[in-house]
Protein chains: 2
Amino acid sequence: MEQLDKIDTRILRILQKDAKKTTKEIATMLNLTVSPVYERIRRLESLGYIKQYVAILDKKLINRQVTTICQVSMRYHNEEFIEKFEQEIQKLEEVQECYHMAGQVDFLLKIHVASLDDYHDFVKYKLSKIDNIGVLNSTFVLKEIKHTSEFYI
Amino acid sequence: MEQLDKIDTRILRILQKDAKKTTKEIATMLNLTVSPVYERIRRLESLGYIKQYVAILDKKLINRQVTTICQVSMRYHNEEFIEKFEQEIQKLEEVQECYHMAGQVDFLLKIHVASLDDYHDFVKYKLSKIDNIGVLNSTFVLKEIKHTSEFYI
DNA sequence: TCTGAAATATCTCCTAA
DNA sequence: TTAGGAGATATTTCAGA
């Protein structure tokens with residue numbers, strides 16, 4: 001895998017903040033012409049450095065204002081159950097993030113719903129239906145202090 | 001605040017998955033011409049439904065493969081200390097998410113670094129320098145099972 | 001790898017239904 | 001709110017340094 005040079009890194013920094021910046025604008029910022037910037041972005045995409053371009057929505061406006069962190073521990077820790085759990089989680093649209101953790105708790109989930117009622121339903125009818133869950137501990141987000149998709153590079 | 005109709009919702013769903021889809025492509029998917037789609041996207045942007053467009057990077061390729069969840073509790077819970085903590089967290093580039101939580105733990109942080117050594121340095125020289133931290137509990141992500149910026153709408 | 005230019009496509013805005 | 005069209009702007013490709 002080739003290394004990134006300073007120009008590549010600067011391009012990634014710019015696109016992490018604003019994917020709508022035109023090639024021309026980026027070229028101007030970097031004192032280059034359009035072509036090399038165009039080629040570099042293409043290369044960063046095809047090598048997989050840029051995975052995708054997405055629109056970030058306002059969760060309050062689209063009525064997903066309740067964020068919950070749910071910590072899950074399995075009853076039995078064999079491979080089969082773990083894999084089954086991971087598969088089931090993929091299907092749950094309310095779950096935006098899920099991590100397999102080191103330590104006491106097996107999985108940490110971040111969940112977005114419209115209301116506490118909806119969260120109740122989510123746990124009752126979806127999450128707790130998954131096999132082999134031992135402990136399930138939900139805590140609610142009072143306020144989002146920081147949330148970015150950017151990596152510091 | 002005006003409500004979104006079905007077409008708006010479908011546009012948002014598409015742009016959440018791929019912000020590079022052209023107006024023309026979206027129009028074709030929705031059996032419309034370019035103009036109405038163009039106008040709706042503009043409206044969704046100016047009303048704030050779409051907050052921003054970003055490029056999502058591959059954290060392994062850019063060398064940020066270590067993800068940590070850090071749970072922080074304050075020593076004293078007065079407003080001044082809480083606000084100071086929130087301000088300091090904003091400045092730390094390693095912190096991608098920070099939530100003020102209900103319950104035992106005050107804050108939950110998601111942190112990305114290149115290595116365990118870097119995490120050690122982060123805690124030692126940055127995080128623990130913040131005033132009034134009582135308990136600080138780090139757990140490491142073994143595997144990312146799911147991570148999306150999409151909301152189910 | 002870069003510059004510069006030419007071909008192609010999209011964006012953007014306007015008028016009208 | 002949508003359709004259609006036309007000028008402005010961007011993307012994409014390619015020869016040459």
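Sequence lines set the chain letters: A, B, ... in the order given, protein chains first and strands last, and positions in each chain run from 1.
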Please pick, from D:dT11, C:dC13, C:dT3, the nucleotide with the shortest atom-to-atom distance to any side-chain atom of A:Tyr38.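 Of all the options, the side chain of A:Tyr38 is nearest to D:dT11.
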
Among C:dA5, D:dT12, C:dT12, find the nucleotide with the atom closest to the side chain of A:Arg42.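 For the A:Arg42 side chain, the nearest candidate turns out to be D:dT12.
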
What integer distance in Å separates [X]:[atom1] from [N]:[atom2]?
X: A:Leu4; N: C:dT1; atom1: CG; atom2: C1'; result: 16 Å
X: B:Glu39; N: C:dA16; atom1: CD; atom2: P; result: 17 Å
X: B:Ile41; N: C:dT12; atom1: CD1; atom2: C1'; result: 12 Å
X: A:Arg43; N: C:dT1; atom1: CZ; atom2: P; result: 6 Å

Reckon B:Arg40 has a side-chain N or O less than 4.0 Å from the OP1 or OP2 of D:dT1?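 False: B:Arg40 side-chain N/O out of range (4.0 Å or more) of D:dT1 OP1/OP2.
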
Do you know which two heavy atoms are closest between B:Ile89 and B:Cys98, and how far apart they sit?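 In this case the closest contact between B:Ile89 and B:Cys98 is CG2-CB, 3.7 Å.
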
For A:Val34 against A:Thr23, the heavy-atom pair lying closest together: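 Heavy-atom minimum between the residues: O-CG2, 3.6 Å.
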
Not counting sequence neighbours, list each pair that qualifies as a ring pair (Phe, Tyr, Trp, His ring centres under 6.0 Å) and has a residue in residues 77-97 of chain A.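 Every pair satisfying ring pair (Phe, Tyr, Trp, His ring centres under 6.0 Å) with a residue in residues 77-97 of chain A: A:Phe85-A:Phe107.
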
Would you say the side-chain atoms of A:Tyr99 and B:Lys146 include a donor-acceptor pair closer than 3.5 Å?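 Their side chains do not contain a donor-acceptor pair, so the 3.5 Å distance test is not met.
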
What residues, two or more places apart in sequence or in another chain, satisfy side chain to side chain donor-acceptor pair (under 3.5 Å) together with B:Gln16?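 Here no residue qualifies.
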
Expected output is a numbered-order residue list: members of residues 12-33 of chain A with a heavy atom under 4.0 Å from any atom of DNA chain D. What is it?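 Within residues 12-33 of chain A, the residues near DNA chain D are A:Thr22, A:Thr23, A:Lys24.
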
Other residues, nucleotides and ligands only: do more than 12 of their heavy atoms fall within 6.0 Å of NZ on B:Lys20?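 Correct, the count exceeds 12.
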
